[in-house]
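Some notes on the structure that comes next.
Proteins get letters first, then strands, A, B, ... in listed order; numbering begins at 1 in each. All figures in this text were calculated on a predicted structure; none of them were measured in a lab.
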Amino acid sequence: MPELPEVEVSRLGISPFLIGNDIKKIHVYQANLRWPVPEAVYLTEGLAITSIYRRAKYLLLETVMGSLILHLGMSGKLRVVDRTTPRIKHDHVDIELTTGKVLRLNDPRRFGAFLFQAPNETHPLLTKLGPEPLTEKFNANAIYQRSRGKQLAIKQFIMDNHVVVGVGNIYANEALFKAGIDPRRAAGNISLARYQKLVGHIKETLHQAIAQGGTTLKDFAQTDGRPGYFAQQLLVYGKAGQPCPQCFRELAEVRQNNRSSVYCRTCQK
DNA sequence: CGGTCTACCTGAAAGC
DNA sequence: TGCTTTCAGGTAGACC
């Protein structure tokens, strides 16, 4: 499922229901997510959620005793429902509030996570992450320098969490198309000027998707339970064999590290 | 270290 | 129709 825009949209969607309200009880129906759910999550029962922020694709719900950490993996969804709403298949975790609302995590593939971090600590998973893509810390100069000497394909380079977080397969494809860069090109073989273009397109693409409520394919629903928006304008992802939106020649597809890359042989070099 | 590959899990879709 | 195979938006950790 979710790429960064969906996670950000989820954050915006759930915040009004959660911030300032008390956690009544945490219900873990399936503790075997990507990592076992730690007992420490129960330390937050009885406490108010003071803020919710996002780091990469992790959501952190803060209380004075520590933060609950959520990750949606490939198939996770968050919804805010009434306490009495019956659970459905793959509803694994409920964060029940004293308001009668419940933040409910549904995740068929269980690649998601529900973890905890103590106050003034950073969970080990969050310590090695690269810059946020929508901040100044992610800029052309920095990744140009970092890419020198690398034979790694540019697509894999920008999907590396140490380089920049939050660029998943969909947006890597889209941004490379907009920047006119062949996804297979060696990262170390790309000029600063082209990195400037690429960085701009990554930021723009993510901004657009957030603004439109997150790209919605089959797995995402709005956090208040309404179905999500459908198909923002993706230019190339999932469109192999169809005409390039720019030159109308057939879009090609290759696999890189087991992930599909769709690109235009003519427009991307 | 840099780069590649597997593993985790379910379900939809495609192939036969 | 039904069985088998492939693929899916993530990413840590093992491996060479």
Checklist outcome for this item: Minimal heavy-atom distance between A:Leu61 and A:Leu70, with the atoms involved, is CD1-CD1, 4.4 Å
Below 3.5 Å between N/O atoms, which protein atoms pair up with nucleotides 4-6 of chain C? Just atom names and distances, please.
none

Item to check | C:dT11 OP1/OP2 closer than 4.0 Å to side-chain N/O of A:His71 | outcome: yes
Next on the checklist: Quiz question: by atom type and distance under 3.5 Å, do the side chains of A:Glu174 and A:Thr205 form a donor-acceptor pair?
Outcome noted: no
Checklist entry - Contact class for A:Tyr58 (heavy atom, under 4.0 Å): base, sugar-phosphate, or nothing? => result sugar-phosphate
Checklist outcome for this item: Protein heavy-atom contacts under 4.0 Å, written 5' to 3' over nucleotides 4-9 of chain B as B (base), S (sugar-phosphate only) or - (none), form the string SB--BB
Checklist entry - Of the nucleotides C:dG9, C:dA12, B:dG11, which has the atom closest to the A:Trp35 side chain? => result C:dA12
Checklist entry - Using a distance-only test with no angle check, is there a side-chain donor-acceptor pair under 3.5 angstrom linking A:Lys128 and A:Asn161? => result no
Next on the checklist: Looking at C:dG10, I'd like to know if its phosphate oxygens (OP1 or OP2) sit under 4.0 Å from a side-chain N or O belonging to A:Arg259.
Outcome noted: yes
Checklist entry - With rounding to whole Å, what would you report as the distance between C:dC7 and B:dC5 at their P atoms? => result 16 Å
Checklist entry - Using Watson-Crick and G-U wobble pairs with both distances under 3.5 Å, what is the 5'-to-3' dot-bracket string of DNA chain C, with [ ] for crossing pairs and | for pairs outside the strand? => result .|||||||.|||||||
Checklist entry - So, is A:Ser260 near the phosphate of C:dA8, with a side-chain N or O under 4.0 Å from OP1 or OP2? => result yes
Checklist entry - Side-chain N or O of A:His162 less than 4.0 angstrom from OP1 or OP2 on B:dG2? => result no
